[in-house]
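Chain A is the first sequence line, chain B the second, and so forth, proteins listed ahead of strands; every chain is numbered from 1.
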Amino acid sequence: MDFNKILIRWFSDNKRDLPWRRTKNPYFVWLSEIILQQTQVKQGLTYYEAFVNQFPSVFDLANATENDVLKLWQGLGYYSRARNLHASAKHIAFNLNGAFPKNYNGLLELKGVGDYTASAIASICYNEPKAVVDGNVYRVLSRYFGVETPINSTKGIKEFKDLATTLIDHNQPGDYNQAVMEFGAIQCKPKNPNCIKCPLNTSCKALKDNIIPNLPVKLKTTKVKTKFFNYLVIKTNTQYTILEKRTKKGIWQNLYQFPLIESEQNIEELFIREHNTLKNIVGKENFDITKYNEKPYIHKLSHQHLHTTFWIIESNINYRDSIHIKNIRKYPTPILIANFIEEFFD
DNA sequence: AAGGCGGGGAT
DNA sequence: ATCCCAGCCTT
């Protein structure tokens, strides 16, 4: 039997019952695909439910503020997805009168929609035979066909896309695409795949050659940078604090945080000297600063390790642009800040 | 072509 | 620790 027939059969027998598989409405499919970019189903599921619940249509999403969208996205990471999702919702609602692009090429014009997502939506919603190539597809195809081209090389990207295109089932492209991905997620896993009970184990090239653990081939990863974050957490006697919006490009764009002193080097010693000086100048009766966490929290991102110290500033000064602490949870923040807020306030 | 962009889960 | 996850965008 053909590769794709076996996979589609396997899919119909083993697929998980997921909410976005119960609809072909492009709004819901689009929403699920954006949420699932670089995100496991288990992690994305609750966010999908929350978005469907709070924004039942593209118009509801379009009419929300970016702060609201980012707040609902909080904790999911890769926040450009949320900003692009919102921008595209406004475009669809207000420029296209709520009508989704009706094919791969039209979908590709949406912000945050690349080859993978356009192929997924076009195949699932419109039966367009565009093959998806995500991390699962790279793994399944590289193993089954024994392809050793690095998946993150220009050559590999084209080679796997072409291979996937020759394999797609033209009668049920959406089911085929989802079948390969589900197969990669559940059966042909990165570590310890269960090849003993695999429906493809009689024809899998990598299994035959005993090189399953070597595939797919991926070129070297980027190295991690260390940065030092000192957050100034103001708490006034009238229960006000200060949050600032990260407007610059880079991590956490448009999310909120406490005033931050960021450095490439550890400035703890300098910081302690200066904050003692500050206490003496301002006067301890109006202003007291203490270190909250004795050991820095190390917040690990995929490409940065943030050594973070929170400094508590108790003060009876009225600051401009301060917010009442009872409103602090309305602001979208990085999970690092959200966790601190839950621990420190009330 | 290379690097930036999150946070959580599996091993 | 290291790798991976229904990738996309900028430089």
Side-chain angles (χ1 to χ4, degrees), chain A residues 11 15-16 18 20-21 29-48 70 73-85 87-88 107-121 123-124 130-140 150-158 160-161 164 174 176-186 188-193 213-225 227 246 248-255 298-306 332-339:
Chain A
F11 182 59
K15 67 180 173 187
R16 292 167 287 184
L18 301 171
W20 49 84
R21 290 192 175 144
V29 174
W30 169 61
L31 185 56
S32 73
E33 293 297 347
I34 301 299
I35 287 173
L36 292 174
Q37 287 169 4
Q38 292 292 287
T39 302
Q40 296 190 344
V41 166
K42 184 191 289 184
Q43 189 189 4
L45 193 50
T46 58
Y47 285 85
Y48 176 81
L70 285 170
W73 199 272
Q74 180 177 297
L76 197 53
Y78 285 154
Y79 296 94
S80 66
R81 290 183 292 169
R83 299 191 302 269
N84 288 333
L85 183 80
S88 291
L107 291 161
L108 205 50
E109 293 176 11
L110 299 175
K111 279 187 185 177
V113 174
D115 176 71
Y116 162 78
T117 304
S119 298
I121 300 171
S123 64
I124 293 169
K130 292 286 186 180
V132 297
V133 184
D134 73 334
N136 294 304
V137 177
Y138 281 123
R139 188 167 53 255
V140 172
I151 61 172
N152 54 345
S153 65
T154 303
K155 184 165 179 283
I157 291 169
K158 175 170 169 39
F160 280 97
K161 179 74 179 183
Y176 166 77
N177 276 337
Q178 293 187 77
V180 189
M181 293 191 285
E182 187 81 337
F183 185 77
I186 293 179
C188 195
K189 296 180 294 185
K191 305 288 183 188
N192 307 320
N214 304 341
L215 294 176
V217 175
K218 200 170 181 180
L219 297 176
K220 64 178 189 302
T221 60
T222 63
K223 55 178 180 289
V224 178
K225 276 186 66 175
K227 288 185 180 173
R246 292 182 65 99
K248 289 186 304 210
K249 295 178 65 171
I251 59 167
W252 304 331
Q253 188 182 3
N254 291 4
L255 274 64
I298 303 178
H299 186 69
K300 294 181 177 181
L301 309 179
S302 49
H303 53 294
Q304 291 183 42
H305 287 182
L306 308 178
T333 67
I335 206 65
L336 169 69
I337 302 299
N339 288 341

Rounded to whole Å, please give me the gap between [atom1] in [X] and [atom2] in [N].
| X | N | atom1 | atom2 | answer |
| --- | --- | --- | --- | --- |
| A:Trp73 | B:dC5 | CH2 | C1' | 13 Å |
| A:Leu110 | C:dG7 | CG | P | 18 Å |
| A:Leu85 | B:dG6 | CG | C1' | 17 Å |
| A:Tyr47 | B:dG7 | OH | C1' | 8 Å |
| A:Asn136 | B:dA10 | CG | C1' | 14 Å |
| A:Tyr176 | C:dA6 | OH | C1' | 14 Å |
| A:Glu33 | C:dC5 | CD | C1' | 13 Å |
| A:Gln74 | B:dG7 | CD | P | 9 Å |

**Message:** Once you measure the plane-to-plane angle for A:His299 and A:Trp252, does it fall in the parallel (<30°), tilted (30-60°) or perpendicular (>60°) bin?
**Reply:** tilted
Please check the phosphate of [N] (OP1 and OP2 only) for any side-chain N or O of [X] closer than 4.0 Å.
| X | N | value |
| --- | --- | --- |
| A:Lys42 | B:dA10 | yes |
| A:Tyr78 | C:dC9 | no |
| A:His299 | B:dG7 | yes |
| A:Gln304 | B:dC5 | yes |
| A:Lys249 | C:dT11 | yes |
| A:His303 | B:dC5 | yes |
| A:Gln38 | C:dG7 | yes |
| A:Arg139 | C:dC4 | no |
| A:Trp252 | B:dG4 | no |

**Prompt:** Do A:Arg21 and C:dA6 have a side chain to base donor-acceptor pair shorter than 3.5 Å?
**Reply:** yes
**Message:** What verdict does the side-chain hydrogen bond (donor to acceptor under 3.5 Å, both in side chains) test give for A:Tyr116 and A:Gln37, after you've listed the backbone C-alpha separation in whole Å, the side-chain angles of each residue and the deciding distance to 0.1 Å?
**Reply:** CA-CA 9 Å; A:Tyr116 162 78; A:Gln37 287 169 4; over 6 Å; no
**Request:** On DNA chain C, check which nucleotide each of A:Asn84 and A:Leu36 is closest to and give me the residue with the more 5' one.
**Result:** A:Leu36
**Request:** Using the closest heavy atom to pick a nucleotide of DNA chain C for each, name whichever of A:Gln43 or A:Val113 lands nearer the 5' end.
**Result:** A:Gln43
Base, sugar-phosphate or nothing for [X]? Non-hydrogen atoms, less than 4.0 Å.
| X | value |
| --- | --- |
| A:Ser153 | nothing |
| A:Ser302 | base |
| A:Ile35 | nothing |
| A:Asn177 | nothing |

**Complete:** By nearest-heavy-atom nucleotide on DNA chain B, the more 5' of A:Thr39 and A:Asn192 is A:Thr39
**Fill in**
5'-most contact on DNA chain B (nearest-nucleotide basis), A:Lys220 vs A:Leu301, goes to A:Lys220
I'd like the [atom1] distance from [M] over to [N], given in whole Å.
| N | M | atom1 | value |
| --- | --- | --- | --- |
| B:dG6 | C:dT11 | P | 15 Å |
| B:dG8 | C:dC8 | P | 22 Å |
| B:dT11 | C:dA6 | P | 14 Å |
| B:dC5 | C:dC4 | C1' | 16 Å |

**Message:** Keeping A:Arg81 on the side-chain end and A:Gly112 on the backbone end, is there a donor-acceptor pair under 3.5 Å?
**Reply:** no
**Prompt:** Backbone N or O of A:Gln253 within a donor-acceptor pair of the A:Arg83 side chain at under 3.5 Å?
**Reply:** yes
**Asked** Closest to the A:Ile251 side chain: B:dG7, C:dC8, B:dG6?
**Response** B:dG6
**Prompt:** Which of these nucleotides, B:dG9, B:dG6, C:dG7, is closest to any side-chain atom of A:Gln40?
**Reply:** B:dG9
